[in-house]
Novice: 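Have a look at this one before I ask anything.
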Amino acid sequence: MEDGEYVLLYPDGSQIKNIPGTDTPFTIGEYKEAIGKAYQRITLYICTLEDLLSKSQPQHLRHQHPSHLMGNVYTHIYAPITIDSSSSDLEEVEKLPEKDSMMVKFTDDAGLTEEALDSGGPTREFLTLLMDSIKTRRVFEGKDNAKYLSFDSKAAEDNEYFHIGRMIAVSIVHGGPGPRCLSPNFFLYLIGKVKTLEAPIEDIPDDEVKRGLLEIQNATWLSKLQELTEKYSSMLQTAGCYRFMKTLEDKKKVVDDYIQWYFIYRNHVSIQRFKEGLATLDFVNALEQHPSLFFSFMCYTETKLTADAVENIFHVQFSQPGSTNRQEEARVLSYWRDYLLYLEGIIYGYNYKKCAELSQQQIVR
């Protein structure tokens, strides 16, 4: 945790000084009595005094559904602490692990939390929900499996590009998923592997712009190309790539320049803030050094379902070697493997005539 003075916060983000609605100084006993519910544990929040004074307080904190976290200025500066009912003062609060590992507890509408300790499952569930929610945020545009950053003034004002970049970095570093929705072309540009973006016209979500660029690209006569250039002159001038067409080859330069402006130049500030968010925990350096390793976290990839993949999901526990049960288990396992190969053949068109003769009754017998 950072050096400096820390303060405790109520779940609504206000600083803990008195019992809510009274002038009574805060104590655990008084607070539990004021709540009026038989909580076995009470969850409060902690942040640095500097961050509390420098940032406006949100109306809700992290116990909300992840889709409401985007405008939360406390995303990176506060952490939950849990006070047992047996605690007599604030010095007995449970402390975060020294390695700053993430701990997640889900609460219901009444504020009751799960009693089980977070051994990884709640954290992964939370991070998965978080990554699913950011895919539909206003900062992204494009196809579901090939998204680009898009400038939004309100999102920029709320520093949403930075926060989303930071969420992605924190999720992956703590063993969670990535967004798995970025365009591969944009991902390569983001990590500096290419200096100019190469994206197909089809990735542009604006239908009018897309239609105009396709018409220019498909022009086969110079006179037609010049006519189209005049037709879409306003669009091209906005991107700074309007020019007089002297040859048919000029159209490629115009289209490429417009795509570069559309996805990169007009979104330059958004991309920079997003990348600064990804720099959390030095994650952006890991992206730049090992792009192939993190590609499946950032971009959509399809994994072919094979017999081996399904078989590896299960771990077989055999009986003692030489026993009758062990022999039967080995026979059933061979049937199971043959059945998986048979299904793989149906899906991908393989020819497993021998496997096709197997029936489900033989496998379970």
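Just so you know, these numbers come straight off a predicted model, no measurement behind them. These numbers come from the heavy atoms of this one structure, side chains and all, not from hydrogens, waters or symmetry mates.
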Novice: Pairs in or reaching into residues 225-236: which pass side-chain hydrogen bond (donor to acceptor under 3.5 Å, both in side chains), with residues at least two apart or in two chains?
Specialist: E215-Y232, E230-Y242
Novice: Does some side-chain heavy atom of L190 sit less than 4.5 Å from a side-chain heavy atom of L149?
Specialist: no
Novice: For Q237, is the CD atom crowded, meaning more than 12 foreign heavy atoms sit under 6.0 Å from it?
Specialist: yes
Novice: Can you see which heavy atom on A199 is nearest to which on N185, and at what distance?
Specialist: CA-ND2, 4.0 Å
Novice: Look only at the side chain of S171 and the backbone of G178, and say whether a donor-acceptor pair between them is shorter than 3.5 Å.
Specialist: no
Novice: Can you tell whether the side chains of E328 and R331 come within less than 4.0 Å, N to carboxylate O?
Specialist: yes
Novice: Checking K251 side chain against L225 main chain: does a donor-acceptor pair fall under 3.5 Å?
Specialist: no
Novice: Is a donor on one side and an acceptor on the other found under 3.5 Å between the side chain of N267 and the backbone of F151?
Specialist: yes
Novice: Within this structure, what is the CZ-NZ distance for the pair F187 and K193, rounded to the nearest 0.5 Å?
Specialist: 9.0 Å
Novice: Does any part of the side chain of E198, heavy atoms only, come nearer than 4.5 Å to the side chain of L188, both counted from C-beta?
Specialist: no
Novice: Quick check on the hydrophobic clustering: are L213 and I264 connected, directly or via other members, by side-chain heavy-atom contacts under 4.5 Å?
Specialist: yes
Novice: Under 6.0 Å from the CZ atom of F294, do we count more than 12 heavy atoms belonging to anything else shown?
Specialist: yes
Novice: Are K253 and D257 within salt-bridge range, i.e. N to O under 4.0 Å?
Specialist: yes
Novice: Do E141 side-chain atoms and S150 backbone N/O form a donor-acceptor pair below 3.5 Å?
Specialist: no
Novice: Take atom NZ of K252 as the centre, draw a 6.0 Å sphere, and report whether it contains more than 12 heavy atoms from other residues, nucleotides or ligands.
Specialist: no
Novice: Does atom NZ of K224 have more than 12 heavy-atom neighbours, drawn from other residues, nucleotides or ligands, at distances under 6.0 Å?
Specialist: no
Novice: Between E160 and R138, does the side chain to side chain contact (heavy atoms under 4.5 Å, CB included) criterion hold? Intermediate values first, please.
Specialist: CA-CA 9 Å; E160 193 167 325; R138 56 194 171 188; 2.9 Å; yes
Novice: Hey, is the main chain of D152 close enough, under 3.5 Å, to the side chain of Y161 for a donor-acceptor pair?
Specialist: yes
Novice: I want to know whether F263 and Y189 have ring centres closer than 6.0 Å.
Specialist: no
Novice: Between E329 (side chain only) and S319 (backbone N and O only), is there a donor and an acceptor less than 3.5 Å apart?
Specialist: yes
Novice: Report yes or no: is the cationic atom of R266 (NZ for Lys, CZ for Arg) closer than 6.0 Å to the six-membered ring centre of Y262, at no more than 45° off its axis?
Specialist: yes
Novice: Does H174 reach the main-chain N or O of V170 with its side chain, forming a donor-acceptor pair under 3.5 Å?
Specialist: yes
